[in-house]
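Chain letters run A, B, ... following the sequence lines, proteins first and then strands; every chain starts at 1.
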Amino acid sequence: MEQLQSLRGMVDLLPAATSRWQWLEQTAREHFRRSCIREIRTPLLEATELFARGIGEATDVVGKEMYSFNDRGDRSCTLRPEGTASVVRAAIQHGLLSQGAQRLWYGGPMFRYERPQGGRQRQFHQIGIEFLGFADPRSDVEAIAIAWDLLEALGITGLQLELNSLGSRVDRQTYRDALVGWLSERQNQLDADSQQRLATNPLRILDSKNPQTQQLLQDAPNLEQSLSDPSRERYEQVKAGLSALKIPYLCNPRLVRGLDYYGHTAFEITSDALGAQATVCGGGRYDGLVEQLGGPAAACVGWAMGLERLMLLLGDESQQSQPPDVVVISQGNAAEALAVPVARQLRQIGQAVDVDLSGAGFGKQLKRAGKSGARWAVLIGDEEASSGQLQRKDLHSGDSSTIALQSLAENWIS
RNA sequence: GCGGGCGUCGCCAAGUGGUUAAGGCAGCGGCUUGUGGCGCCGCUAUUCGGGGGUUCGAAUCCCCUCGCUCGCCCCA
C-alpha cells in the first residue's frame with residue numbers, strides 16, 4: 001500500500017454526505033429537547049476496567065471487540081464501545097443522582113474491533129438516551145416511545161419493535177440453571193458456538209441463528225415461564241403502556257441482547273432493509289448497573305441507535321450542497337484587493353458568499369458562478385474599483401445593476 | 001476471527017494473454033484576453049489496489065498482501 005488511507009472500518013464523511021448527517025443530528029436533538037432530555041458528553045477514552053465491569057467480561061464486546069491499549073503511564077485504556085457505561089460512570093462521579101433522577105442523551109463515535117460489513121464499522125456513531133433513577137414501568141414505555149417517535153420523525157418506515165422481559169436477576173439465574181441443565185443433556189446437538197456459550201453465556205444461545213439450534217430450542221425451557229409474578233406483572237404493564245400508545249410490538253422470548261447489564265425489559269427495533277445488521281435501535285433496563293459501578297441503587301432504562309444504519313434507511317441520495325447566495329468575481333489588482341472585503345461585508349448581513357480567487361477571466365468566473373447555483377454575482381473590475389460602483393448581476397435573469405461599494409450592506413436587497 | 005465475490009482516471013465503465021488501455025460524467029484550457037448557463041475543439045491512467053511469479057509477451061493466468069463487499073459471528 002503506497003497510498004495512505006484511512007484505517008479499516010474507519011470511514012470519512014465527505015461534504016456530499018454531511019448535510020444529511022447534520023439534518024439527522026438536528027432532528028434527534030430537537031426531539032430530545034421536546035422530550036426534556038438533556039445532553040451529556042463523556043470522553044471517548046475510558047479505563048478498560050469500566051467496560052469490563054460494566055458490560056461484562058463474558059460478552060463479545062469486552063472479550064474480543066475492544067480497542068484497548070496501555071497509555072504512557074501503563075494504564076489500560078479503551079476507546080468506548082458503547083455509551084451506557086460511560087454515562088453511568090459520569091453520573092456517579094459527579095453525584096448527578098443525588099440531584100434526582102436524570103434524563104440524559106448522548107451521541108458520538110463508538111469503537112468496536114470487528115470485521116466491517118454493511119451497517120457495521122469499527123468506528124461508528126450512536127445516539128442514545130439513559131433514564132437514570134426510574135423504576136416505574138412507564139419509564140420503559142416512555143423510553144421506547146421516544147425512540148419510536150424519533151424514527152418516525154426521521155421518516156423511517158418498515159420497522160419492527162421486538163420486546164422481551166429478561167426478568168429479575170433471580171429469575172434469570174433460575175432460568176439460566178434450567179436452560180443449562182436442559183441443554184447440557186443435548187450438548188451434542190448444539191452448534192460449536194453455542195456449546196462454547198453453554199459455559200460462558202448460556203442465555204445468548206437463545207438468539208443463535210443456527211437453524212438446528214433454533215429447532216432444538218423449540219422444546220427448551222422458556223424464559224417467560226421462569227418469570228416471577230412481579231416480573232411478569234411488570235412486563236404486562238409495559239406491554240399495556242405500549243398498546244395504549246398504539247405502538248405495535250412483537251413479543252420475542254428469544255430476544256436476549258449481548259450486554260450483561262440488561263434485566264426486565266429488553267427491546268430491539270429492526271428493519272428488514274439492512275441485511276444482516278438489522279438492528280437500528282436496541283436497549284432495555286439495567287437496574288443493577290449503577291450500583292455495580294459503585295453508585296447508589298438506581299433503576300435505569302435506555303437505548304442506543306446506530307446512525308450509520310439510520311443513514312442506510314434514509315437512502316444515500318447525496319444532497320446538493322447549499323448554493324451560495326452571492327459569488328464575488330474580480331479581475332485586476334485593484335479589484336482583486338476588494339473581493340474579500342466585499343464578501344465579508346455581505347456575510348455580515350447574512351448572505352452566503354463565495355469568492356472566486358482563481359484570477360481567471362470574467363467569463364470563466366461567471367461561468368463557474370452560474371454553475372454553483374448562486375443567485376447573485378458581484379463583479380468588480382478596473383472600472384468598478386475606480387468608480388466605487390460595483391456591478392451586481394442576477395444570475396437567473398441575467399439583469400445587471402450597480403450598487404455602491406460605500407453603502408453595499410445597507411442597500412443590498414436579496 | 002472463518003467462508004464466498006470483487007478491485008481499470010475523482011465518479012460510472014469497456015477490455016478476459018499480443019502493437020499507443022475504449023467511452024461517458026466531472027474537472028481544466030480554448031473558441032469568447034470584462035460578462036455565464038448551449039455548442040464545438042482540446043487536455044487529463046507509461047498504467048490497470050500493492051508486491052512477486054508464469055510467459056517471447058499480462059489489466060487479463062498463479063501466489064502473497066491490502067482494501068471493499070456479502071454471509072457467519074456480533075451488535076447499533
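With P as the reference atom, B:G24 and B:G18 are 24 Å apart, rounded to whole Å. If you take atom P in B:G27 and the same atom in B:G37, they sit 13 Å apart, rounded to whole Å. Here, B:G23 and B:C62 have their P atoms 29 Å apart, quoted to the whole Å. Taking the P atoms as reference points, B:G10 lies 10 Å from B:A45, given to the whole Å. The same atom, P, is picked in B:A59 and in B:U47; the two are 11 Å apart, to the nearest Å. Distance noted for atom C1' between B:G49 and B:G30: 36 Å (whole Å). For the P atoms, the distance linking B:G15 with B:C31 amounts to 39 Å, nearest Å.
Map A:A304 and A:R120 each onto its nearest nucleotide of RNA chain B; the residue landing nearer the 5' end is A:R120. Position along RNA chain B of the nearest nucleotide to A:C281 versus A:H396 favours A:H396 as the more 5'-ward residue.
B:U69 atom P lies 12 Å from atom CD of A:E308, rounded to whole Å. Separating the CD atom of A:Q277 from the C1' atom of B:C75 is a distance of 7 Å, rounded to the nearest angstrom. A:K64 places its NZ atom 12 Å from the P atom of B:C2, with the value rounded to the nearest Å. Between A:N201 atom CG and B:C75 atom C1' there is a gap of 13 Å when expressed in whole angstrom units. Spacing between atom CZ of A:R122 and atom C1' of B:G67 amounts to 12 Å, rounded to whole angstrom units. We find that CG of A:L7 is positioned 13 Å from C1' of B:C66, with the value rounded to whole Å. Nucleotide B:U33 holds its P atom 13 Å from the CZ atom of A:F362, rounded to whole Å. Atom CZ of A:R80 is separated from atom P of B:A76 by 14 Å (rounded to the nearest Å).
An OP1 or OP2 oxygen of B:G71 is reached within less than 4.0 angstrom by a side-chain nitrogen or oxygen of A:Q117.
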Go through it in stages, so that I can follow the logic: the residues are A:Q195 and A:Q189, the test is side chain to side chain contact (heavy atoms under 4.5 Å, CB included), and I'd like the CA-CA distance, side-chain angles, deciding distance and then a yes or no.
CA-CA 9 Å; A:Q195 292 195 21; A:Q189 297 175 57; over 6 Å; no

Step-by-step side chain to side chain donor-acceptor pair (under 3.5 Å) determination, A:R112 to A:Q123
CA-CA 7 Å; A:R112 255 120 101 160; A:Q123 177 177 336; over 6 Å; no

Derivation of the side chain to side chain donor-acceptor pair (under 3.5 Å) call for A:T174 and A:D171
CA-CA 5 Å; A:T174 307; A:D171 298 340; 5.6 Å; no

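As judged by a 4.0 angstrom heavy-atom cut-off over every strand, A:E383 is placed among the base-contacting residues.
Remark: A:R29 is not positioned above the aromatic ring of A:W105, lacking an NZ or CZ atom under 6.0 angstrom from the ring centre and at most 45 degrees off the axis.
Using the Watson-Crick or G-U wobble rule with both distances under 3.5 Å, B:G71 pairs with B:C2. Here B:C28 sits opposite B:G42 as a Watson-Crick or G-U wobble pair (both hydrogen-bonding atom distances under 3.5 Å). Summarising the base pairing, B:C48 is matched to no nucleotide, lacking a Watson-Crick or G-U wobble pair whose two defining distances lie under 3.5 Å. In this structure B:G57 sits in no base pair that meets the Watson-Crick or G-U test at under 3.5 Å.
Among A:T270, A:I269, A:L310, A:L161, the one residue that satisfies the side-chain contact (heavy atoms from CB on, under 4.5 Å) test with A:C281 is A:I269.
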Anything under 3.5 Å between a protein N or O and an N or O of nucleotides 8-13 of chain B, put it in a table, one pair a line.
none

Can you name the atoms? Protein N/O to nucleotides 24-28 of chain B N/O, anything below 3.5 Å, with the distance.
residue, atom, partner, partner atom, Å
B:G27, OP2, A:K371, NZ, 3.0

List the atom pairs, with distances to 0.1 Å, where a side-chain N or O of residues 326-334 of chain A and a protein N or O form a donor-acceptor pair under 3.5 Å, not counting sequence neighbours.
none

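A donor N or O paired with an acceptor N or O is found under 3.5 Å between the base of B:G3 and the side-chain atoms of A:R115. Put simply, the side chain of A:Q365 and the base of B:G34 share no donor and acceptor less than 3.5 Å apart.
The two atoms that bring A:A360 and A:R368 nearest to each other are CB-NH2, 3.6 Å, heavy atoms only.
Here the nucleotide nearest the side chain of A:R204, chosen from B:G36, B:C75, B:A76, is B:C75. With B:G34, B:U69, B:G1 as the choices, the nucleotide that has an atom nearest any side-chain atom of A:R8 turns out to be B:U69. Among B:C75, B:G1, B:G36, the nucleotide with an atom closest to any side-chain atom of A:L395 is B:G36. When distances are taken from the side chain of A:A276 to each of B:G37, B:C75, B:C72, the shortest belongs to B:C72.
Residues A:R169 and A:Q173 have side chains that never bring a donor and an acceptor to within less than 3.5 angstrom of each other. Between the side chains of A:Q214 and A:R254, a donor-acceptor pair is found at a separation under 3.5 Å. For A:R172 and A:S226, the side-chain atoms include no donor-acceptor pair closer than 3.5 Å.
Contact check for A:P43 versus A:R80: no side-chain heavy atoms found under the 4.5 Å cut-off. You'll find the side chain of A:L216 stays beyond 4.5 Å of the side chain of A:D219, heavy atoms only.
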